[in-house]
There are 2 protein chains.
Amino acid sequence: MSNGISLKELAAELKLAPSTVSRALNDSYEISEATKKKVINMAEKLNYQPNPFARSLRENKSKTIAVIIPERINNFFAQVMDGIEEIAHEHGYHLLVYSTHEDVEKEKKIVSLLQNKRADAIVMSVSSQTSDVSHLEKLYQRDLPIIFFDRVCSDIPTTKFITNDYESAYEGTKHLIQQGCQKIAFLMLAKELSITKERYRGYLDALKEAGMQPEPTFSLHCCRSDEENIQLITELLKSENRPDGILSSVEKLALATYHAVKKTKLSIPDDLKIITFSNMSSAGLLSPSLSTITQPALTIGQECAKLLIKKLTKPRHNELKDQVIVIPSKLTIRESTMAR
Amino acid sequence: MSNGISLKELAAELKLAPSTVSRALNDSYEISEATKKKVINMAEKLNYQPNPFARSLRENKSKTIAVIIPERINNFFAQVMDGIEEIAHEHGYHLLVYSTHEDVEKEKKIVSLLQNKRADAIVMSVSSQTSDVSHLEKLYQRDLPIIFFDRVCSDIPTTKFITNDYESAYEGTKHLIQQGCQKIAFLMLAKELSITKERYRGYLDALKEAGMQPEPTFSLHCCRSDEENIQLITELLKSENRPDGILSSVEKLALATYHAVKKTKLSIPDDLKIITFSNMSSAGLLSPSLSTITQPALTIGQECAKLLIKKLTKPRHNELKDQVIVIPSKLTIRESTMAR
DNA sequence: TAAAAAATCGCAATCGATTTCGTATTTAAA
DNA sequence: TTTAAATACGAAATCGATTGCGATTTTTTA
């Protein structure tokens, strides 16, 4: 009673063979309408729930998608998850969610756990520490469909969804220059990250176009620890040759900058202007309000899930091509980059 | 090759029976050390990965915990998830995650999907629309271990983890009064929610103790839509008899208040002081910085997972008692409640 | 009316790992 | 030296749903 009944028990109750009941529930053409109705009614009455593991074992698919993200307390990833979930649920898929906490070792463990096909496919954004991708190649060789988004792995020949990182960074930097910044710094998590590379390129090109030299000390490599990052940024801001503009490649570094500024006598935007990649809904409520490059997170999640489910439904016709799909970000100017 | 090998194939390779190989891998006392080594080595060499569904089918457990939260873009729930995941992973459990988006209908669907034991247990916080709990009772009757946190269901006799909502709201309100507020409003999502009830009680008692009358219009019921909430709050602030203090029972309503204030000529904290329940890390960076009652989210998640896993590991000795475990919140005073 | 075709349904194998029970071999006790 | 006990392993059932194939009944066609 407490643990629902099985197909066999349901069949016994109906005085039918399990095979018949199974076919009836799956609406097979081999079963008469009368029988189907009887079966469905009894199944309803006894609250029959098919065992998902028996089914997965038999069909060799779990109706489950694994999602691996670097961190949960991040509006961008949370929104992407919402997008993935929306489409996944529409198609009866469940979501196994893992956070690497920006730790490659953890990422490797998680990936290793997924080798046994517990999930039919994987959607992921790699950790900032990920440079060696052998663990991901292993997945690919196992024929596990993978899709990357945002922080992608160009070495793995599959579909990747990203935003126009180069252009956005270029535009953001250009905006800072237009607002009067002379010495612009770039804050990054790890230089191996795909998004870092692209955004850095955009930053450099904008500088070059304006005839500005990139200062080596203005390319700041940060880490996982908020405290350390605040320290690093504070030092940069207190240094003799300090920047007057900042392009932050990720949300958390912009927030760290706000904290760092509080430890100096500087003020935003008078002494320092800042723009960041961020999906924070409260960016407009910060003091001062924060100019952002907002990524279409929900759409990215939806598109990832749509493509993956297409692939899972019709594997033959939908190979995950080695391609990069770009969805543009949106730049929102606020007080933090206002000219005096 | 692409799809790993099975136990049977591994056994064939070793010229052993599948039963022997299974026992060897599970470190059974019936198998000699020599054989164990051979088996383990070969399993390693061929990268054997046990099929989780075959195992789940046989053992009638999935090593999976389902987590149901009202929304993902919420620092509190994100942190709770991190806590649950930490402990779950330590014990080899996976996490199926679902968001109801504050929608009961969605919650019912999700709960219905979990009736088939896809997950061994459930950790959840109910949606703000949840008042009828028949769908949750069905789960309970199915012997599916459930633990509630934060937004609990007192009708379901199981363990609940909450914070000291009454005291925190009481202290928060008292703080507002001490800072000079005369007319304090209370912002809530839905009055049926457990947290709303408790926090409202604390609010009322603090008022009463100060000899203040609760204005009916100062108890503001909000909804899921940010726009509507901002509208509601704006109207309240523009009304003739407007409050000079606000206790917000959830983070999003405090942010909505900040947005609403921008549409008026009021300023925080001079004209209006506000304190809110929130786990936002950037509360200190808002303009003005936001006083908060911060819940021990990570700890809550960890404790939920610990208790659940104890129950799953030793079902006999660890029934989930009908009890409420309280972990205290922390009050952080910032500019938004400063006296002039 | 007989034969062919269609409609319905049951039997049994299968997915992969675990486990009960049984058997053969080795070791220890009598 | 014989018997009892311990050791090491295999055969087969099992978990629950699906499906190929075969069997039976009913309907259609000739």
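Residue numbers start from 1 in every chain, and the chains themselves are labelled A, B, ... in the order their sequence lines are given, proteins ahead of strands. A quick note: this is a predicted structure, and the numbers were derived from the prediction, not measured.
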Exercise. Quick one: on DNA chain D, does A/E30 or A/N26 contact a more 5' nucleotide (nearest heavy atom)?
Worked result: A/N26
Exercise. How are the rings of A/F149 and A/F76 set to each other: parallel, tilted or perpendicular (split at 30° and 60°)?
Worked result: tilted
Exercise. What is the nucleic acid contact for B/S32, judged by heavy atoms within less than 4.0 Å: base, sugar-phosphate only, or nothing?
Worked result: sugar-phosphate
For this session: Select base, sugar-phosphate, or nothing to describe what B/S56 touches, counting heavy atoms under 4.0 Å on all strands.
Result: nothing
Exercise. Does B/K63 NZ have over 12 foreign heavy atoms under 6.0 Å away?
Worked result: yes
For this session: Starting from P on D/dA8, measure out to CZ on B/R23 and report it in whole angstrom.
Result: 13 Å
Exercise. Counting just side-chain N and O atoms, does B/S22 come under 4.0 Å of either OP1 or OP2 of C/dT18?
Worked result: yes
For this session: Between D/dA17, C/dC11, C/dA17, spot the one nearest the side chain of B/R58, thanks.
Result: C/dA17
Problem set entry | Distance in angstrom units between B/I31 CD1 and D/dA8 P, rounded | 8 Å
Seminar exercise, completed: Comparing nearest nucleotides in DNA chain C, the 5'-proximal residue of the pair A/T35, B/Q49 is A/T35
Exercise. When the distance from CG of B/L10 to C1' of C/dT18 is rounded to whole Å, what number comes out?
Worked result: 15 Å
Problem set entry | Residue among A/T20, A/N41, A/D27 satisfying side-chain hydrogen bond (donor to acceptor under 3.5 Å, both in side chains) with A/K36 | A/D27
Exercise. So, is B/N51 close to the C/dC15 phosphate, meaning a side-chain N or O under 4.0 Å from OP1 or OP2?
Worked result: no
Exercise. In terms of heavy-atom contacts, does NZ of A/K108 have more than 12 from other residues, nucleotides or ligands at under 6.0 Å?
Worked result: yes
For this session: With heavy atoms under 4.0 Å as the rule, sort A/N60 into base, sugar-phosphate or nothing.
Result: nothing
Exercise. Starting at NZ of A/K117 and ending at C1' of C/dA17, how long is that distance when rounded to a whole Å?
Worked result: 18 Å
Exercise. For A/L57 and C/dA13, what is the distance between atoms CG and C1' respectively, to the nearest whole Å?
Worked result: 13 Å
For this session: Check the distance between D/dT7's P and B/Y29's OH and give it to me in whole angstrom.
Result: 9 Å
Exercise. Given atom NZ of A/K15 and atom C1' of C/dG10, what is their separation to the nearest angstrom?
Worked result: 17 Å
Exercise. Taking atom P of C/dT18 as reference, at what distance in whole Å does atom CG of B/L16 sit?
Worked result: 15 Å
Exercise. So what does B/R55 touch, heavy atoms closer than 4.0 Å: a base, only the sugar-phosphate, or nothing?
Worked result: sugar-phosphate
For this session: Would you classify A/S6 as touching base, sugar-phosphate or nothing, given that sugar-phosphate means primed atoms plus P, OP1 and OP2, and contacts are heavy atoms under 4.0 Å?
Result: sugar-phosphate
Problem set entry | Distance-only donor-acceptor check, side chains B/N26 and B/S28, under 3.5 Å | no
